[in-house]
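All heavy atoms count here, side chains included; hydrogens, waters and symmetry mates do not. Every chain is numbered from 1, with letters handed out A, B, ... down the list of sequences. The structure presented is a predicted model; accordingly, all values stated were derived computationally and were not measured.
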Amino acid sequence: MPRKPAAVPVTPEAVAVPPDFGMRVVRWQRTHGRHDLPWQNTRDPYRIWLSEIMLQQTQVAAVIEYFQRFVAALPTVAALAAAPADQVMALWAGLGYYSRARNLHRCAKAVMDDHGGVFPTDPEVLVTLPGIGRSTAAAIAAFSAGVRSPILDGNVKRVFARVFGIHGYPGERAIETRMWTLAGQALPPAGPDQAKDMVAYTQGLMDLGATICSRGKPACLADAANCPLSADCVARRDNLTAVLPTPKPRAAIPERSTVMLIVRHGRDVLVRLRPGSGIWGGLWSLPEIALDAVPFDAEAAEDAALEAVRPFGEPARAYLAGELTHVFTHFRLLIRAIRVDLTAAAPRLDADSRWLSLDDLDALGTPAPVRRLLEDQARIGLF
DNA sequence: AAGCCGGGGGT
DNA sequence: ACCCCAGGCTT
């Protein structure tokens, strides 16, 4: 039986979480984690909640100043609930995602009206409040009361994708569901120290993701001892830190089209130097012609090509010789090539044009698709 | 499941 | 210029 080739990396269905995963993160946090952020070293649910909302999709460095200003102006949930909306929005201005501020205000009022002014510590209750989702609810519960409930934010997704070798965009439902399962299995054990462990663990996952298991250059590459999980990390073992986590799939990119001319005389082809800026800036490429006709009309293109090559020589014929699509970061380019064979070539060319022998293709900088086009022409014996 | 919200930092 | 960030809500 022929075996199926495994071309694409496949993540095993069942991923084992090392039994001491949680406590390794706890110990690392206590010795190497962050301990002096303005919302740490407190069990005040108000400050913890406020910081978690501010930190949604917003980096720590940007939040600190806003947090200080906010708690100075509105030090309690009661003060926030009683404040005018204008003041709340003014304190938030510049942080972005302003629905967070509106929900914050609504949430403060709900805590006052529906919970006697006391913040809930049960994640299942917290998650019913405006602006508090599953992960934020767990973070508030863990920091304010040591509740054993997992978070799953951007940091955790990155750490998990790498440690467990999970391929696939973490925003995708199936991937996220598996990560929630892992998050529940990775918690430090329940027991007498659970509350303090959960504070360190929850903070530790965030600290790991922010300071060690960063997106660009994870610190484990410099020294594996920097990360308490490096011994079990699939991405580090398989050199996949640059690939995991799988990035968000790009939005559909637009397609453009162009018509290039393969103007041949003997073994020479006409090439033109592109402007220094823009696509293929400074490379020698094939001359292009602009066509108004949509959809593409081969005969019109051939006629336009015959007209366009007049300064360069005497054309014998012109015909559509090939098509290919080239993908850029931000668009796809459909290239149609019109071939024009010359019976005689002009003696002089301007500075931006020259004849290039196919034998000298390596000597000039040529866009990859142009090179492919010319090599294809040569391969089928047309040069 | 996909779109929306947003200013700011890192590369 | 692009990606991502201690996500959640709406359609």
Side-chain angles (χ1 to χ4, degrees), chain A residues 25 29 33-34 37-40 45 47-67 89 91-107 110 123 126-144 149-162 168-177 179-180 183 198-219 221 241-253 277-279 281 328-331:
Chain A
V25 174
Q29 204 284 327
R34 297 174 291 188
L37 298 172
W39 44 87
Q40 289 185 287
R47 289 177 173 241
I48 291 166
W49 161 66
L50 176 63
S51 71
E52 289 303 325
I53 303 300
M54 285 188 166
L55 287 160
Q56 287 170 359
Q57 297 296 286
T58 309
Q59 294 183 343
V60 167
V63 163
I64 290 176
E65 193 177 330
Y66 282 88
F67 178 84
M89 298 312 291
L91 288 166
W92 202 274
L95 258 190
Y97 282 128
Y98 298 99
S99 66
R100 290 186 296 172
R102 293 191 295 273
N103 284 333
L104 190 83
H105 202 193
R106 282 207 298 145
C107 183
L126 284 165
V127 81
T128 66
L129 292 168
I132 300 178
R134 184 173 173 183
S135 186
T136 300
I140 297 170
F143 287 137
S144 65
S149 181
I151 60 167
L152 186 62
D153 60 19
N155 286 315
V156 181
K157 286 175 177 174
R158 183 169 55 255
V159 171
F160 281 13
R162 285 175 173 165
Y169 173 55
E172 189 183 325
R173 177 63 62 89
I175 304 295
E176 188 170 308
T177 299
M179 287 189 171
W180 272 115
M198 276 307 300
V199 174
Y201 174 76
T202 304
Q203 186 66 49
L205 281 183
M206 296 170 171
D207 291 351
L208 259 185
T211 67
I212 303 296
C213 197
S214 55
R215 189 167 71 96
K217 287 198 169 186
L221 298 184
T241 54
V243 176
L244 297 176
T246 303
K248 182 184 176 75
R250 291 179 167 282
I253 56 181
S277 63
I279 298 294
F328 292 93
T329 316
H330 49 304
F331 65 93

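- Scanning all heavy atoms of the two residues, the minimum distance from A:Leu129 to A:Cys107 falls at CB-SG, 3.7 Å.
- The P atoms of C:dC3 and B:dG3 are separated by 15 Å, rounded to the nearest whole Å.
- Rounded to whole Å, the distance from CE on A:Met206 to P on C:dC5 is 13 Å.
- The distance between atom NZ of A:Lys248 and atom P of C:dA1, rounded to the nearest whole Å, is 21 Å.
- Every residue two or more places apart in sequence or in another chain that forms a side-chain hydrogen bond (donor to acceptor under 3.5 Å, both in side chains) with A:Arg100 is listed here: A:Thr58.
- Going from atom CD of A:Glu176 over to atom C1' of B:dA2 covers 13 Å, rounded to whole Å.
- The side chain of A:Ser135 has C:dG8 as its nearest neighbour among C:dA6, C:dG8, C:dC4.
- Rounded to whole angstrom, the span from the CD atom of A:Gln59 across to the C1' atom of B:dG10 amounts to 8 Å.
- In this structure, the side-chain contact (heavy atoms from CB on, under 4.5 Å) partners of A:Ala219, at least two apart in sequence or on a different chain, are A:Ile212, A:Asn226.
- Judged as a side-chain hydrogen bond (donor to acceptor under 3.5 Å, both in side chains), and not counting sequence neighbours, the contacts of A:Glu176 are A:Lys157.
- At least one side-chain nitrogen or oxygen of A:Gln57 sits closer than 4.0 Å to the OP1 or OP2 atom of C:dG7.
- Applying the side-chain contact (heavy atoms from CB on, under 4.5 Å) criterion to A:Ala242, with sequence neighbours excluded, gives no partner residue.
- Interface remark: the A:Arg215 side chain does not form any donor-acceptor pair with the C:dC5 base, using a distance-only criterion of under 3.5 Å.
- A:Glu65 is linked by a salt bridge (Lys or Arg N to Asp or Glu O under 4.0 Å) to nothing, counting only residues two or more places apart in sequence or in another chain.
- Base contact: A:Leu37 has a heavy atom under 4.0 Å from a base atom.
- Closest approach of A:Thr241 and A:Pro218 over heavy atoms only: CB-CG, 3.8 Å.
- A search for salt bridge (Lys or Arg N to Asp or Glu O under 4.0 Å) contacts involving A:Asp207 returns A:Arg34, not counting sequence neighbours.
- Judged by a 6.0 Å distance limit and a 45° cone about the ring axis, A:Arg102 is not positioned over the six-membered ring of A:Trp92.
- Protein atom NZ of A:Lys217 is 18 Å distant from nucleotide atom P of C:dC4, rounded to whole Å.
- C:dT11 sits 15 Å from B:dG6 when the P atoms are compared, rounded to a whole Å.
- If you measure from atom CD1 of A:Ile140 to atom C1' of C:dA6, you get 11 Å, rounded to the nearest angstrom.
- Using a 4.0 Å heavy-atom criterion, one finds that A:Val156 contacts no nucleic acid atom at all.
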List every contact pair, protein side and nucleotides 9-11 of chain C side both N or O, where the distance is under 3.5 Å.
| unit_1 | atom_1 | unit_2 | atom_2 | d |
| --- | --- | --- | --- | --- |
| C:dC9 | OP1 | A:Gly131 | N | 2.9 |

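- If you find the closest nucleotide of DNA chain B to A:Gln56 and to A:Ala174, the one lying nearer the 5' end belongs to A:Ala174.
- Listed in residue order, the members of residues 92-102 of chain A having a heavy atom less than 4.0 Å from DNA chain B are A:Gly94, A:Leu95, A:Gly96, A:Tyr97, A:Tyr98.
- Looking at residues two or more places apart in sequence or on another chain, you find a side-chain contact (heavy atoms from CB on, under 4.5 Å) between A:Pro245 and A:Arg158, A:Ala161, A:Arg162, A:Pro170.
- Without hydrogens or angle criteria, A:Thr246 side chain to A:Gly168 main chain gives a donor-acceptor distance under 3.5 Å.
- Taking the side chain of A:Arg173 as heavy atoms from C-beta on, and the options B:dA1, C:dC5, C:dG8, the nearest nucleotide is B:dA1.
- Comparing C:dA6 with B:dC4, their P atoms sit 23 Å apart, to the nearest whole Å.
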Pair pattern of DNA chain B in dot-bracket, where unpaired bases get dots and | marks partners in another strand, Watson-Crick or G-U under 3.5 angstrom: |||||.|||||

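- Nucleic acid contact class of A:Trp49 (heavy atoms, under 4.0 Å, all strands): none.
- Residues forming a ring pair (Phe, Tyr, Trp, His ring centres under 6.0 Å) with A:Trp39 (at least two apart in sequence, or on another chain): A:Phe67.
- The residue among A:Thr58 and A:Arg134 whose nearest nucleotide of DNA chain C is located toward the 5' end is A:Thr58.
- Atom CH2 of A:Trp180 and atom C1' of C:dG7 are 10 Å apart (whole Å).
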Hey, can you pull the donor-acceptor pairs under 3.5 Å for the side chains in residues 135-142 of chain A, sequence neighbours left out?
| unit_1 | atom_1 | unit_2 | atom_2 | d |
| --- | --- | --- | --- | --- |
| A:Ser135 | OG | A:Leu152 | N | 3.0 |
| A:Thr136 | OG1 | A:Gln56 | NE2 | 3.1 |

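- Whole-Å rounding puts the A:Asp153 CG to C:dA6 C1' distance at 5 Å.
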